[in-house]
Number of protein chains: 4
Amino acid sequence: MGKSGEERRGSIGARRNPASADAILDAAKAELIEKGYAGFSIEGVARRARAGKPTIYRWWPTKSALLLDVYQRQKGGIDYGGSGSIEEDMFRFLRSLMGHWRKTSSGSIFRSLVAEAQSNPEAAAALADYAAFRRGHSGQMVRDAQARGEVPADVDPEIVADLLSSYAWSHLLTDRLDEDDATIRRAVHAIARGILTKPAAG
Amino acid sequence: MGKSGEERRGSIGARRNPASADAILDAAKAELIEKGYAGFSIEGVARRARAGKPTIYRWWPTKSALLLDVYQRQKGGIDYGGSGSIEEDMFRFLRSLMGHWRKTSSGSIFRSLVAEAQSNPEAAAALADYAAFRRGHSGQMVRDAQARGEVPADVDPEIVADLLSSYAWSHLLTDRLDEDDATIRRAVHAIARGILTKPAAG
Amino acid sequence: MGKSGEERRGSIGARRNPASADAILDAAKAELIEKGYAGFSIEGVARRARAGKPTIYRWWPTKSALLLDVYQRQKGGIDYGGSGSIEEDMFRFLRSLMGHWRKTSSGSIFRSLVAEAQSNPEAAAALADYAAFRRGHSGQMVRDAQARGEVPADVDPEIVADLLSSYAWSHLLTDRLDEDDATIRRAVHAIARGILTKPAAG
Amino acid sequence: MGKSGEERRGSIGARRNPASADAILDAAKAELIEKGYAGFSIEGVARRARAGKPTIYRWWPTKSALLLDVYQRQKGGIDYGGSGSIEEDMFRFLRSLMGHWRKTSSGSIFRSLVAEAQSNPEAAAALADYAAFRRGHSGQMVRDAQARGEVPADVDPEIVADLLSSYAWSHLLTDRLDEDDATIRRAVHAIARGILTKPAAG
DNA sequence: ACCTAAGCGAGACGGTACGTCTCGTCTTGCG
DNA sequence: CGCAAGACGAGACGTACCGTCTCGCTTAGGT
């Protein structure tokens, strides 16, 4: 998390100093983890990063922009399958996303982001954009399955991705990331196979 | 929303004055609706209710306690189907819940509650309890369908309810309550019928 | 300058706390003396007084209001004569005013006030009011002399007071408060000789 | 105030670019006039002059240095009489000085200089020098009158000049440059009558 | 009929964070 | 090397709320 250099970190000319950006993102992450969203303040980040507030506001116009950046730096590789089976892919996706949130600090950062979005329209827009982007991304699982003929073409990949990420979100937001594999599998199974009783000939 | 009397509303002796409690809850709700969670402040509530701040802090020690009280006074009836078809029931449930949130103020109050729960453990616990209760409640749709033989017994009603409410939550939290009926139907369809290509003989 | 109590100095109800006012004025004076006008800040005063900034802004809407208050608390008794001679009275007035400015800290406070008035219209108005009030006050010397018949009625006491205070101001502002008595007497003499009633035969 | 060329004004080699110096002084003057001393900032001057801040700091190490330079470029001719009467000369001097300050921008620049001198010793020294020089210069009126026999030799011209300029300063600093002629005449009259040689028989 | 106890409105208090401004320093790349 | 440009750490600005406090008042219930 940075080498925590002692020496002053000044301007390097008429362009952004990446050392400052790093220090600020590191400090923001640390503050978020230590104090949580409620105790998170630009003031505190500036203090910890030994940066001036204007330097922060210059590059992250809003608190949510900073939060989003912190989150994105943290994003690890989420497993998008390739197992050859859409059901297995969806399971792996959910388990890996929820595990990532639970095991790293990114879950708590994302919770902050969601909280911020509930009061800050800019954060809301940023989060909506991000979520849409992620839906598009994870919809790839479905499109791959369609290419394989596993899923018919009239299924909307976005809607499936929406169901999956909604499930993950609500578990994150209500402290239920530790759902066991069987439960996740059953949720995924419901989406893959449906919940209706199969016709006799099925 | 109260008669908003002009005359001073003082003490009625050595016990709580219900008129003040009402005025404060009304004011809190109004502030929440007008300004959203971000612009919500105890200060503002006190101002609008013409109440002293200590009067608020005396009865609602934290912001989340007040928020919860406001939300509880607001509960409206959600449509749990009875159409005879689980798919139609699920569609009606989602549409009615999302419409309720969108059209009344309860959506914005609930958003505030979710936001608060992300940093306040007390609010988090209250929200988790509430969500579990609601899942149990809306799982009834599935149990009814199982009784009809429409859904096999090995489907977990809680998981289905979880998928549905998760979908609604994530749309609430990302400002997508105005999803059109066709989209909601497709999501519900995925859960009911699954997304896999049906076998030729099916 | 205050007993520097250690214990917290909170609210005493819905009215101004004089202890806070005193602590703030003391702190402001000390800051002004230690750091001069350039280094004077509301922030610094609040810090030293252990007061919140809003407490300062509540009672002194502008920096100049605070400066003026500090100055006025400091104002010692200026000698307005009563020697029976207008020339002697004017001399004593100037010498006592300039000595007071030089020997106490009020000179440097007043310099700050004048400086502030050059950039802040509110301070300018406050200073103008104050200066006019003082001219009226010190004009009393002349009115007394007129009552004695020492000065003719058509002399405007305000103009004489203006000449005297202008002389004192310009010496304050250019670090010449240590003018010797002989020089002050000569300046006063120039003015006195012009306003004396001429002897009938003179 | 300069042609304010649109094209970039870069370096002209390893020496000072006079065009930049001019642009900076022009911009400083304009800022001072438009926004007054309070709104005067190096930042603003650089912006208006399309100059880099370091260029300003390179040549004018302090704000007061820049202020002085601006004032010096501005000197206008003040009327030192020659009317043959010391009283008339003094009146013309005051009226012309105050009018000059009022009608051109030099008054507001001088006010800034005085304000700056109250907290900046360097500026204070420069102002004191300048004021002494001006007193010597305007004392010439009195010396001329002494040569004519209108004023006795034991009157100190410096003290008379001090009274006059003090009067002008204090009116400048308290926004009273628009004093009418009659009032100025009465002030001058007070001084003049005191320094006139008295006719033997009155 | 008094007396005490508690709730009430009001609003001041010491704090903290906000987002903006300017300071004076620094380092670049161009001319 | 001077120049325009502009990022940097620093820190003050004036405002908004926080949660706590003390006041003077009102009313009810216990004596």
Side-chain angles (χ1 to χ4, degrees), chain A residues 8-17 19-21 23 39-44 46-47 49-59 61-63, chain B residues 8-17 19-20 39-44 46-47 49-59 61-63, chain C residues 8-17 19-21 23 39-44 46-47 49-59 61-63, chain D residues 8-17 19-20 39-44 46-47 49-59 61-63:
Chain A
R8 185 184 169 88
R9 183 188 61 242
S11 168
I12 55 166
R15 66 192 204 284
R16 185 172 192 174
N17 183 346
S20 285
F40 180 80
S41 72
I42 300 283
E43 197 101 17
R47 215 149 39 214
R50 301 194 60 72
K53 278 198 287 176
T55 301
I56 300 183
Y57 282 106
R58 184 155 28 237
W59 302 112
T62 64
K63 184 149 52 169
Chain B
R8 184 188 170 89
R9 182 188 62 245
S11 169
I12 57 167
R15 64 193 209 282
R16 184 173 191 173
N17 183 344
S20 283
F40 181 80
S41 70
I42 300 285
E43 197 101 15
R47 212 151 38 217
R50 303 193 60 70
K53 279 199 288 174
T55 302
I56 300 183
Y57 282 106
R58 187 157 22 239
W59 304 111
T62 65
K63 183 146 62 166
Chain C
R8 186 185 169 88
R9 183 188 61 240
S11 168
I12 56 168
R15 66 195 205 283
R16 185 172 193 175
N17 184 344
S20 285
F40 180 81
S41 72
I42 298 283
E43 197 101 17
R47 215 150 36 218
R50 304 194 57 73
K53 275 198 287 174
T55 301
I56 300 183
Y57 283 107
R58 185 153 30 235
W59 302 113
T62 63
K63 184 148 53 170
Chain D
R8 184 187 169 93
R9 182 187 62 244
S11 169
I12 56 170
R15 63 190 207 285
R16 182 172 191 172
N17 182 344
S20 283
F40 180 80
S41 70
I42 300 285
E43 197 100 18
R47 213 152 37 219
R50 302 193 58 72
K53 279 198 290 173
T55 303
I56 300 183
Y57 282 107
R58 189 160 18 244
W59 303 112
T62 65
K63 183 145 63 166

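Predicted model, so just to flag it, every value in this text is computed and none were measured.
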dG6(F) phosphate, OP1 or OP2, under 4.0 Å from Trp59(A) side-chain N/O: no

Residue-phosphate contact under 4.0 Å: Arg50(B) side-chain N/O, dC8(E) OP1/OP2: no

dG14(E) phosphate, OP1 or OP2, under 4.0 Å from Arg47(C) side-chain N/O: no

Pairwise 5' ranking along DNA chain F for Ile12(C) and Lys63(C), keeping only the more 5' one: Lys63(C)

Minimal non-hydrogen separation, Arg15(A) against Ile12(A), with atom names: NH1-O, 2.6 Å

Interatomic distance, Ile56(B) CD1 vs dC18(F) C1' [rounded to whole Å]: 13 Å

Rounded distance in Å - CG (Asn17(B)) to P (dG7(E)): 11 Å

dG14(E) OP1/OP2 closer than 4.0 Å to side-chain N/O of Arg9(C): yes

N/O (side chain, Ser41(B)) to phosphate O (OP1/OP2, dA16(F)) under 4.0 Å: no

Upstream residue (5' side of DNA chain E) when Thr55(B) and Glu43(D) are each assigned their closest nucleotide: Thr55(B)

Whichever of Lys53(A) and Pro54(D) has its nearest DNA chain E nucleotide further upstream toward 5': Lys53(A)

Residue pair Arg9(A) / Ala51(A): nearest heavy atoms and the distance that separates them: NH2-CB, 4.0 Å

Closest-nucleotide 5' rank along DNA chain F - winner of Arg58(D) and Ala46(A): Arg58(D)

For atom CZ of Arg15(A) and atom C1' of dT27(E), their distance in whole Å: 8 Å

Side chain Ser11(A) and base dA7(F) donor-acceptor under 3.5 Å: yes

Any Ser20(D) side-chain N or O less than 4.0 Å from OP1/OP2 of dA4(F): yes

Sugar-phosphate only, base, or nothing, as touched by Ala51(B) at under 4.0 Å among non-hydrogen atoms: sugar-phosphate

Short side-chain to backbone donor-acceptor contact, Arg50(A) and Ala23(A), under 3.5 Å: no

Distance in angstrom units between Tyr57(A) OH and dG6(F) P, rounded: 23 Å

Member of Arg47(A), Glu43(A), Arg58(A) meeting the side chain to side chain contact (heavy atoms under 4.5 Å, CB included) criterion with Lys53(A): Glu43(A)

Closest approach of Ala46(B) to Gly52(B) (non-hydrogen atoms, all atoms of both residues): CB-C, 4.5 Å

